[in-house]
Amino acid sequence: MLDGKKVLFSGMQATGNLTIGNYLGALKNWVKLSDEYMCFYGVVDMHSITVRQDPAELRKRARSLMMLYIAAGLNPEEACIYYQSHVSAHAELAWILNCFTYMGELNRMTQFKDKSAKHADNINAGLFTYPVLMAADILLYQADVVPVGIDQSQHLELTRDIAIRFNNIYGDVFTIPDIYLGKAGAKIMSLQDPTKKMSKSDENPNASIYLMDDEDTVMRKCKRAVTDSEGIIMYRDEQPGLKNLIDIYCACKDVTPDEVVKEFDGQGYGVLKEAVGNAVNDLLRPLHDNYKKLEQDKAYVDQLIKNNAEKASYYANKTLRKVQKKVGFPERPR
Ligand code: TYM
């Protein structure tokens with residue numbers, strides 16, 4: 001609880017182009033939950049450098065991500081939207097938590113295994129301790145809830161384990177956060193290989209729908225989505241491509257798979273694919289419009305960046321000072 005309200009924390013990496021997986025699995029739920037909680041949304045640029053980045057490009061993407069958060073419907077005067085690198089408490093708490101996390105725990109992280117296989121020439125220590133920085137993000141704000149896609153659930157479990165371990169030694173310092181998974185959209189799959197997660201870093205551009213894709217591109221990608229030769233619209237694991245399209249439709253329209261199967265009963269895949277394309281475009285249209293407006297208002301965005309970094313630092317430092325005291329660091333002279 002902060003100022004009498006339950007707290008929500010989440011974040012996204014400023015790497016690659018955001019996909020509708022990011023939107024349906026996370027951002028859409030952030031907007032939905034915004035009124036209920038005191039919210040902190042990080043543009044987690046410190047996580048991004050675990051993989052080599054072009055500096056100018058990273059800066060550009062971080063700003064674009066911040067504008068996308070707002071364009072998607074988050075109110076930056078209510079929710080605290082900020083750059084992780086502007087709040088030094090993240091790095092400071094991450095160091096302390098590193099000393100309460102076991103190598104064995106980090107070794108088990110599937111994302112670490114995947115990323116080290118993908119970047120075999122750069123398996124740096126940051127990639128290994130990535131989940132500890134993520135735990136610091138969440139625990140600094142005493143978050144009660146963390147809305148993310150399923151791929152982050154292992155990191156969330158580890159965050160809880162670290163927090164419980166710390167609390168067992170030092171008393172009630174951290175709130176133990178719960179994961180929030182949306183009813184639909186928590187795992188959107190690739191349109192070209194529905195056994196794989198839709199990902200910002202997929203080399204095949206037809207595999208992902210990007211948030212900034214124009215309407216024709218969205219429709220083309222939906223029409224080209226890999227399905228199967230059964231020819232019957234059903235929602236089941238044996239038809240993963242179709243199941244994914246139904247999931248996307250459900251998440252866009254807030255309906256259930258049963259309702260979709262009924263709606264398209266007896267129709268061909270082509271009809272469903274077109275309906276999915278339209279549903280995605282309906283969702284993205286206001287986002288595109290808002291984004292264009294924000295691009296024109298540089299001063300407004302700059303002011304938000306400044307104000308929100310201060311606001312986030314204020315709350316983060318409160319927790320950090322408490323932790324520093326608990327572990328035995330000397331008090332700062334006033
Ligand atoms: P990132 O940047 O990879 O993804 C951002 C959010 O999008 C969700 N997501 C998906 N959801 C459904 N289907 C998909 N195909 C899909 N792809 C991505 C992710 O689950 C995530 O919610 N480590 C995090 C960023 C992070 C963070 C945090 C998140 C850093 N600190 C603290 C929450 C709390 C990451 O790399 O997400």
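Residue numbers run from 1 in the order of the sequence given. Fair warning: this is a prediction, and the values are worked out from it, not measured in the lab. Every number for a ligand or one of its atoms is a count from 1 in the order of the listing.
Ligand 1 has no N or O atom lying under 3.5 Å from any N or O atom of Met134, backbone or side chain. Considering backbone and side-chain N/O of Ser10, none are found under 3.5 Å from N/O of ligand 1. Close N/O approach between Gly149 and ligand 1 is found [any backbone or side-chain N/O within under 3.5 Å]. Considering backbone and side-chain atoms alike, Gly21 places an N or O below 3.5 Å from some N or O of ligand 1. Polar contact with ligand 1: present for Asp137 (N/O pair, distance under 3.5 Å). For ligand 1, none of its N or O atoms has an N or O atom of His155 under 3.5 Å away.
With a 4.0 Å heavy-atom cut-off, ligand 1 is reached by the side chain of Ile138 but not by its N, CA, C or O. At a 4.0 Å heavy-atom cut-off, ligand 1 touches Val44 through the side chain alone. Only backbone heavy atoms of Ala186 (N, CA, C or O) come within less than 4.0 Å of ligand 1; its side chain stays farther off. Both the backbone and the side chain of Gln13 come within contact range of ligand 1, each with a heavy atom under 4.0 Å.
Below 4.0 Å from some heavy atom of Ala26 lie the following atoms of ligand 1, by number and element: 6 (C), 7 (O), 22 (O). Short contacts between ligand 1 and Lys187, defined as distances under 4.0 Å to a heavy atom of the residue, involve ligand atoms 12 (C), 13 (N). Less than 4.0 angstrom separates some heavy atom of Gly11 from each of these atoms of ligand 1: 25 (C), 26 (C), 27 (C), 29 (C), 33 (C). Contact atoms of ligand 1 toward Val146: 33 (C), 34 (C) (distance under 4.0 Å to a heavy atom of the residue). Of all atoms in ligand 1, listed by their number and element, those nearer than 4.0 Å to a heavy atom of Gly25 are 11 (N), 12 (C).
Of the protein's non-hydrogen atoms, Phe9 CE2, 3.4 Å is the one closest to atom 32 (C) of ligand 1. The protein heavy atom nearest to atom 36 (O) of ligand 1 is Tyr130 OH, 2.7 Å. In terms of protein heavy atoms, atom 37 (O) of ligand 1 is closest to Gln152 NE2, 3.7 Å. Closest to atom 15 (N) of ligand 1 among all protein heavy atoms lies Ile188 O, 2.8 Å. Protein heavy atom in closest approach to atom 1 (P) of ligand 1: Lys200 NZ, 3.9 Å. For atom 9 (N) of ligand 1, the closest non-hydrogen atom on the protein side is Asn22 ND2, 3.7 Å.
Side chain of Ser64 to main chain of Lys60: no donor-acceptor pair is present (N/O by atom type, distance under 3.5 Å, no hydrogens or angles). Checking side-chain atoms of Gln84 against main-chain N and O of Gly42 turns up no donor-acceptor pair under 3.5 Å. Of the possible donor and acceptor atoms, one in the side chain of Tyr269 sits under 3.5 Å from a partner among the backbone N and O of Gly231. Arg236 places no side-chain N or O within 3.5 Å of a backbone atom of Lys243 that could act as its donor or acceptor partner.
To the nearest 0.5 Å, atom NZ of residue Lys183 and atom CG of residue Asn29 are 9.5 Å apart. Separation of atoms CD (Glu157) and OG1 (Thr159) is listed at 9.0 Å; rounding is to 0.5 Å.
Each of Phe166 and Tyr102 belongs to its own hydrophobic cluster when Ile, Leu, Val, Met, Phe, Trp and Tyr are linked at side-chain heavy-atom distances under 4.5 angstrom.
Here the side chains of Pro147 and Leu8 are in contact, with some heavy-atom distance below 4.5 Å.
In this structure, Tyr82 and Tyr141 have tilted ring planes: the angle between them lies in the 30° to 60° band. The aromatic rings of Tyr315 and Phe40 sit perpendicular to each other, their planes meeting at more than 60°, with 30° as the lower class boundary.
Closest to atom 30 (C) of ligand 1 by heavy atom, among Met12, Gln111, His47, is His47. Looking at Asp151, Val148, Thr159 and measuring to atom 19 (C) of ligand 1, the nearest heavy atom belongs to Asp151.
Between Lys5 and Tyr37 the shortest heavy-atom distance is NZ-O, 3.8 Å.
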